[in-house]
Every structure is written in C-alpha cells, then in structure tokens.
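Notes follow once the structure below has been shown.
The model shown is predicted, which means the values in this text are computed figures rather than measured ones.
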Amino acid sequence: MTQKIQIASWNINSIRARIELVEKFLIEYQPDILCLQETKVVDDLFPSAPFRMLGYNHQALHGQPMHHGVAILSKLPLRDIRRHDWQQNGEARHVGASLANGMRVENVYVPAGGDIPDAEENPKFGQKLNFINQMIAWSQDVETPTILTGDFNIAPLEHDVWSHKQLANVVSHTQIEIDLLNKLQGTGNWVDLARHFTPAEEKLYTWWSYRARDYAASNRGRRLDHMWVTPNLLEKAASHQVHVTCRGWAKPSDHVPIVTTFSL
DNA sequence: ATGGTCGCAGAGCGA
C-alpha cells in the first residue's frame, strides 16, 4: 500500500495580510504540509488557529519582527524542529522538521539581494552570496531523504525568466548567483523537481512583480521558488505543480504556491 | 518610457 503526501511551498508576503488567501488555497488543494516564507510576523502573533481549524495542528514557526519569517504547517506530526540563523544576524530564514517516516522538510527564504549585483557596492548582494555559501557548507552533510524548498530568489535557467538577455545583469538571474546555486545543487546532488517534470525549454515562473499594470498580459515572470529533493527521494516524487492561477486571486501574493506529490 | 506596487509601521525601507 502506498501513501500519498503532498508538500506545498509559498512565499505569502505577510501571513496576516493573506490568511484568507491561504485558507482558500488549503481548502482547494489540501496539501499535507505547507511551507511558508515571508510570514512577516513574530511567533506570538502568528495566526495559528485558522490552520488548526483546517487540520494543520503541527506548526514549526520561525518568525521575527517586520521582515522575513518562515513556517511549516502540517497535518502530519513534526519532530526535530530546527530553526537556523545561518548568518547569526537574527534573520528568520530557515526552519526544518522531520516527519515520522524519516523524511526531512527544509524550508528556506534566501535573501533577495538588493538591486545592484555587486557585493562591494551593495552589501545585500554580498549577504545573499554568503547565505548560499552557508547553505553549501550545510548541504555537505545532508544524507537523509530531504526536501529543500522555499524562495531561493534565484532563477537559474534561461527559461526561468521572461527574458534571459534583459535579466542577465538583474539580481536573481546573474551568472554569479546561478553559479553559486548550481554549486549548492551539486553539493547535495539535489534534484530540481520542477525541471524534472517540466522541460528546460518551457517557460516556468513562480513570481510576477506587483508593479506590472497587468501581470498576466505582460507575463514578465521569474522562477524564484523551488523544490529540490535528495536523489533517494526522486523515485517517490510523482508530480510537481506550479499553481499560477493563485496569482490572479484577489489581494494576491506576488509569488504562487508550488506543490509536489510524493507516493511513498 | 528607468516608472510601477506591495506590507510593515506609522517614514521610508525592503522586496
């Protein structure tokens, strides 16, 4: 008998501003586990009750005032919850937890990196590169079946952005970021599930700027959100979906949810 | 055309 587990990841851009949107998503798609990024709330003020009402009784929260913040909401018990602060700067960007079957879920919000792709001119860009380097060191030791998901803030492939040429020097698609992300991927032999199921030649986005007059008409998106697995989980991954329609919902996040179905 | 829009807080910054 096989067990089906669906795991979702969504940069929600404030959980308090969008709790109804999340409820709509959970009712419609019923994932077992939801990884959130940019919750923008301290743990004491996290809206836990609406999730419990929907059966997500197991909650690994890792928030801070104002910015960032990650959380794992789960119908399945979570254990060995770890809240990482990779740069010892108080930023809440990574929370991980194990399931009863031994799988680990690692939920990450990589720094956006500011506007100028130069570490000396723009410390935020340096922080982003440093963060990935910390993850590379961490990734060396990952052996258990692990899902690494979240907002990586990097769109590595040509068709992960609306224009490879026009974004070549735009933070999220610069070669230095792509090289570093590829190094991280190689370190753990991580498999990029979205591209495992969708050919590299096909455009695939998870984020569209709020600034476009009509996001759908201009369709200038980027694939910033990812779900990677260790090779020992690959054969269990049955499908991967990007729920583009959520970008068109009222009061949307600028990111859409991604969901992987595992057959265990 | 170098703008545009969000959320947090309660001005301006980060995204």
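- Straight-line distance from the CZ atom of Arg93(A) to the P atom of dG14(B): 12 Å, rounded to whole Å.
- The interatomic distance linking His68(A) (NE2) with dC13(B) (P) rounds to 15 Å, in whole Å.
- For Tyr210(A), whose side chain is taken as the heavy atoms from C-beta onward, the closest listed nucleotide among dA15(B), dG7(B), dT5(B) is dT5(B).
- Taking the side chain as every heavy atom from C-beta outward, Thr146(A) and Trp190(A) approach each other to under 4.5 Å.
- In this structure, of dA9(B), dA15(B), dG7(B), it is dG7(B) that holds the atom nearest to the side chain of Lys251(A).
- Distance check on atom C1': dG4(B) versus dA15(B) gives 13 Å, rounded to whole Å.
- Of the candidates dG7(B), dT5(B), dA9(B), the closest approach to any side-chain atom of Lys40(A) belongs to dG7(B).
- No contact: Tyr215(A) has no heavy atom under 4.0 Å from any strand.
- Residue whose closest nucleotide on DNA chain B sits further toward the 5' end, between Asp151(A) and Arg213(A): Arg213(A).
- Using a 4.0 Å heavy-atom distance criterion, His255(A) is classed as making no nucleic acid contact.
- Taking atom C1' on both nucleotides, dG14(B) is separated from dA9(B) by 13 Å, rounded to a whole Å.
- The distance from atom CG of Asn122(A) to atom C1' of dC13(B) is 13 Å, rounded to the nearest whole Å.
- For Arg247(A) and Tyr215(A), the positive end sits near the middle of the six-membered ring, less than 6.0 Å away and at most 45° from its axis.
- In this entry the distance linking CD1 of Ile15(A) with P of dC8(B) reads 11 Å, nearest Å.
- The shortest side-chain heavy-atom distance between Leu193(A) and Trp228(A) does not fall under the 4.5 Å cut-off.
- Taking the six-membered ring where the residue is Trp, Tyr29(A) and His243(A) present tilted rings, their angle falling between 30° and 60°.
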- Message: Show, in sequence, the C-alpha distance, side-chain angles and deciding distance for Arg223(A) and Asp192(A), and conclude whether the salt bridge (charged side-chain N to carboxylate O under 4.0 Å, His left out) test is met.
- Response: CA-CA 12 Å; Arg223(A) 189 171 72 99; Asp192(A) 174 355; 2.8 Å; yes
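- When each of Ala212(A) and Pro111(A) is assigned the nucleotide of DNA chain B bearing its nearest heavy atom, the one mapping closer to the 5' terminus is Ala212(A).
- Here the nucleotide nearest the side chain of Ala17(A), chosen from dT5(B), dG14(B), dC8(B), is dC8(B).
- No contact: Arg220(A) has no heavy atom under 4.0 Å from any strand.
- Here the nucleotide nearest the side chain of Met66(A), chosen from dA15(B), dC8(B), dC6(B), is dC8(B).
- As a whole-Å value, the separation of Gln64(A) CD from dG7(B) P is 18 Å.
- Contact between the side-chain N/O atoms of Ser14(A) and the OP1/OP2 oxygens of dC8(B) is found at a separation under 4.0 Å.
- Spacing between atom CG of Leu45(A) and atom P of dA9(B) amounts to 9 Å, rounded to whole angstrom units.
- In terms of phosphate contacts, Arg18(A) brings no side-chain nitrogen or oxygen within less than 4.0 Å of OP1 or OP2 of dC6(B).
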- Task: Could you check Thr149(A) against Glu106(A) for side chain to side chain donor-acceptor pair (under 3.5 Å), going step by step and ending with a plain yes or no?
- Result: CA-CA 6 Å; Thr149(A) 191; Glu106(A) 302 285 355; over 6 Å; no
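- Summarising the geometry, the separation between CD on Glu91(A) and C1' on dA15(B) is reported as 13 Å, rounded to the nearest angstrom.
- Between the P atoms of dG3(B) and dG7(B), the separation comes to 23 Å (whole Å).
- For the pair Arg211(A) CZ and dG7(B) P, the computed distance is 14 Å after rounding to whole Å.
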